[in-house]
Amino acid sequence: GAGVSQTPSNKVTEKGKYVELRCDPISGHTALYWYRQSLGQGPEFLIYFQGTGAADDSGLPNDRFFAVRPEGSVSTLKIQRTERGDSAVYLCASSLNPGANEQFFGPGTRLTVL
Amino acid sequence: GNSVTQMEGPVTLSEEAFLTINCTYTATGYPSLFWYVQYPGEGLQLLLKATKADDKGSNKGFEATYRKETTSFHLEKGSVQVSDSAVYFCALTYSGNTPLVFGKGTRLSVIA
């Protein structure tokens, strides 16, 4: 049984560039979460999908960040005009609905903005 | 808003020592409480959880008891091993697939 996978594992980009980070949740999990973990900090919530729709995007820091999940499975986190402060590990997690509150995490994508 | 506060690390212990990592929370209602662990080079893994007051979560020799009166969920292990070296995160959420709220993490180093 495959767990949550994320690609790429590492991404280095230049300030101002656009990046996409991909998450493949566990098959059958309807809930999908994106978190961001800065160095020395705990993960911070960005956005949560239930099926195809964003149920809560209150954690997105600004309008440069956007995420989609068009078919209710794979999700892509998109960051426009990247800034050095966007450098972090981006984590994806999924959970089984309904009512389950255990989230399973992927290995993360380490984003470095030069 | 909801928040989680953990004791600051790093914590360095000798093998077979007793471990306590303190965690307190601020939340309305009755959240579920979790400890996640992040081993070097690996992703976050659920270590244990408790979903209501006085529940005790346990796994791999680790334990934590949900104490509503003190809003705490301290992690304990009677005898740590070198392989327990990792970063430990306390977290809370509510039922219904709400996001997790994490503490800042506590790095544990166990030396032989």
Side-chain angles (χ1 to χ4, degrees), chain A residues 2-7 9-10 23-26 28-51 53-60 67 69 72 88-110, chain B residues 1-11 21 23-27 29-52 55 57 59 66 73 75 86-108:
Chain A
V4 178
S5 63
Q6 293 186 246
T7 55
S9 56
N10 279 284
C23 172
D24 261 290
I26 293 172
H29 281 195
T30 60
L32 185 147
Y33 306 80
W34 284 99
Y35 295 85
R36 178 167 70 174
Q37 186 175 15
S38 300
L39 193 63
Q41 302 294 316
E44 294 180 325
F45 167 71
L46 294 176
I47 185 170
Y48 150 53
F49 287 89
Q50 182 58 45
D56 183 352
D57 65 357
S58 62
L60 295 177
R69 195 185 185 200
V89 176
Y90 289 81
L91 298 171
C92 177
S94 68
S95 67
L96 187 64
N97 211 32
N101 56 20
E102 180 173 346
Q103 297 179 22
F104 297 84
F105 282 80
T109 294
R110 182 176 297 278
Chain B
N2 301 326
S3 65
V4 174
T5 302
Q6 291 181 234
M7 64 185 284
E8 299 226 356
V11 174
I21 300 178
C23 170
T24 57
Y25 68 90
T26 302
Y30 299 90
S32 296
L33 302 174
F34 302 80
W35 278 99
Y36 277 82
V37 59
Q38 192 169 35
Y39 297 104
E42 298 185 16
L44 276 169
Q45 302 174 25
L46 179 64
L47 180 60
L48 52 84
K49 67 178 181 181
T51 57
K52 61 182 188 295
D55 268 3
N59 186 25
Y66 189 144
F73 193 54
L75 182 68
V87 182
Y88 293 81
F89 293 92
C90 186
L92 68 81
T93 189
Y94 294 87
S95 63
N97 286 319
T98 55
L100 285 159
V101 176
F102 286 90
K104 290 187 176 182
T106 303
R107 181 175 298 278
L108 170 66

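Because only heavy atoms are used, hydrogens play no part in the values below, and waters and symmetry mates are left out as well, while side chains stay in. Per chain, numbering begins at 1; letters A, B, ... match sequence-line order.
- Contact check for A/F45 versus B/T93: no side-chain heavy atoms found under the 4.5 Å cut-off.
- A pairwise comparison of heavy atoms in A/Q41 and B/F89 identifies O-CE2, 3.9 Å as the closest pair.
- Here B/F102 contributes atom CZ and A/Q37 contributes atom CD; the two are 8.0 Å apart, rounded to the nearest 0.5 Å.
- At a threshold of 4.5 Å between non-hydrogen side-chain atoms, the residues A/Y33 and B/L100 do not count as touching.
- With a 4.5 Å cut-off on non-hydrogen atoms, B/L46 touches chain A through its side chain but not through its backbone.
- For B/Y88, there are no side chain to side chain donor-acceptor pair (under 3.5 Å) partners two or more places apart in sequence or in a different chain.
- Side-chain atoms of A/P43 and B/Y36, non-hydrogen and from C-beta on, never get closer than 4.5 Å to each other.
- Other residues, nucleotides and ligands contribute only 12 or fewer heavy atoms inside 6.0 Å of the CD atom of B/E8.
- Proximity to chain B (any heavy atom under 4.5 Å) is restricted, for A/L91, to the side chain, taken from C-beta onward.
- Annotation: maximal heavy-atom pairing with chain B below 4.5 Å, among A/G42, A/G40, A/G106, occurs at A/G42.
- When the salt bridge (charged side-chain N to carboxylate O under 4.0 Å, His left out) test is applied to B/D55, the partners found at least two apart in sequence or on another chain are B/K52.
- For a residue to count as touching a neighbouring chain, one of its non-hydrogen atoms must lie under 4.5 Å from one of that chain's; by this rule B/Q45 does not touch chain A.
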